Undergrad: 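Could you have a look at this structure, given as structure tokens, before my questions?
Here the structure is a predicted model, which means the values were calculated and not measured. We count ligands from 1, going down the list as the structure has it; atoms in each ligand are counted the same way.
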Amino acid sequence: MRMIDLIEKKRDGGELTTAEIDWFIRAYTDDKIPDYQASALMMAVYLQGMSRRETVDLTLAIARSGEQLDLHDVAPFVVDKHSSGGVGDKTSLVVLPLVAACGIPVGKMSGRGLGSSGGTLDKMESFNGWHFEMSLPQFKQQLADVALVLSGQTAELAPADGKLYALRDVTGTVASMPLIAASIMSKKLASGADAIVLDVKMGSGAFMPTVEKAQELARIMVDIGNDAGRKTVAIISDMNQPLGHAIGNALEVKEAIDTLHGRGPEGFWAHCLEIAGQMILLAGKAQSLDEAKGLATAVRSNGTAWQKFRDLVRAQGGDVAQADDPSLLPQAAYVEPLLAPQSGTIAAMDTAAIGWACVRLGAGRLVKTDEVDHAVGFVLPAKIGDTYKAGDTIGTIYANDRAKLAEAREGVLAAITWSEEVVRPLPHIYAVVE
Ligand code: URA
């Protein structure tokens, strides 16, 4: 086969065959296709789209590009979750211990921050000594011993996705529905999950701007998962404002700890309960979503979910004293209130812009080699529909640099739209796709 033929076919709106997609993924993984030709194909897919059959073929080809895990020797049934990315999204830190505490093994591979979205691994690295690098036997051992493990993505798992994602990131081809679906689902299929709950975000801080687009993406991913024999459910959740209050690594860890102790933001807990409930239901531990949510609430109330969180910190080398006393987590030198610039009601938030303001404070990376500052970020309890008077405190900025603090203040305030009218609060969940 010749790469130029595949590029021209897709450029002109044609449908690639299963054999062509398999050949492309194999040859690209083996470094036999140059990045410029792979980029041209990604752009052609971005512009022309892919049929359902092509998307499934692409997903399966990427999943087969490396090792495919089988965890059944250490866990009879493994449940996984995946978020399509968001600002203030520390859901995994709460949900994974809840589910593990219900007796369901959770072996999750997570990522670092990407664009304006934070990453679970960066957040957990707020604990001194916590690490996520481990061999596959170590991953399995911890899954057997603790029933909870959080690692990075290994190079052996879906390597074609690693290469393609890096290429898409710098060629304007990330926000393509078939490419996102194949990227996410190939990793989930390769990592050996029997059941998958997808948290598909929609809104100003997400890849998908509308409920309809998010539902379309969710439908494709759920179908791919179920066709591959994995029980898959997707939740369409809101990202028109940050999730919870805290944005930034150690601040989010503290909020997750508070939530596991029953004193986190209500909306964030409702979101965690929905995701945990769906995971517990898929694992067959409950007959209904209400019953599943009841189990998750019970393991929070009796402290077993909290003990699972501590186990996760300790098992991966983290300092449990910081979990027990979050004031020992990295602390910012400057802590200043964020004041409402005018009286009115919050009508809209540019969530991605708030995420970028946090990245520029140092909580994320502008270039790959940047060091993350775990202490910095925002606590922003202000939500769409809330009314303030000029000068009221709407949040707090945590910074280690005065100039960056001033820039962050401007960035967040510019991202908030005010109105004189009454504005209805937003729902947390828009739909469930089964
Ligand atoms: N997350 C992924 O893993 N891949 C994408 O393409 C987008 C979000």
Undergrad: Consider every N or O of S84 and every N or O of ligand 1, then say whether any pair is closer than 3.5 Å.
TA: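 In this structure, S84 places no N or O atom under 3.5 Å from an N or O of ligand 1.
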Undergrad: Report yes or no: does a heavy atom of V174 sit under 4.0 Å from some atom of ligand 1?
TA: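 No, V174 has no heavy atom closer than 4.0 Å to ligand 1.
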Undergrad: Enumerate the residue pairs fulfilling side-chain hydrogen bond (donor to acceptor under 3.5 Å, both in side chains) with a member in residues 118-127, sequence neighbours excluded, ordered by first and then second residue.
TA: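 Listed by first then second residue: R112-D122, R112-E125, D122-R365, K123-E252.
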Undergrad: Quick one: ring-ring contact (aromatic ring centres under 6.0 Å, His included) partners of Y398, sequence neighbours excluded?
TA: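 Checked Y398 against ring-ring contact (aromatic ring centres under 6.0 Å, His included); zero matches.
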Undergrad: Closer than 4.0 Å to some heavy atom of R168 - which atoms of ligand 1 meet that?
TA: 6 (O)
Undergrad: Quick check for you: to the nearest 0.5 Å, what is the distance between E20 atom CD and L6 atom CG?
TA: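 E20 atom CD to L6 atom CG measures 4.5 Å (nearest 0.5 Å).
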Undergrad: Just which atoms of ligand 1 are under 4.0 Å from any heavy atom in I184?
TA: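 Atoms satisfying the 4.0 Å criterion: 1 (N), 2 (C), 3 (O), 4 (N).
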Undergrad: For S183, counting its heavy atoms only, list the atoms of ligand 1 lying under 4.0 Å from any of them.
TA: 2 (C), 3 (O), 4 (N), 5 (C), 6 (O)
Undergrad: So F132 and W130, would you call those rings parallel, tilted or perpendicular, with 30° and 60° as cut-offs?
TA: tilted
Undergrad: So, taking the atom named CZ in F207 and the one named CE in M202, what distance separates them when rounded to the nearest 0.5 Å?
TA: 15.5 Å
Undergrad: Going by the order shown, which atoms of ligand 1 are within less than 4.0 Å of some heavy atom of F207?
TA: 7 (C), 8 (C)
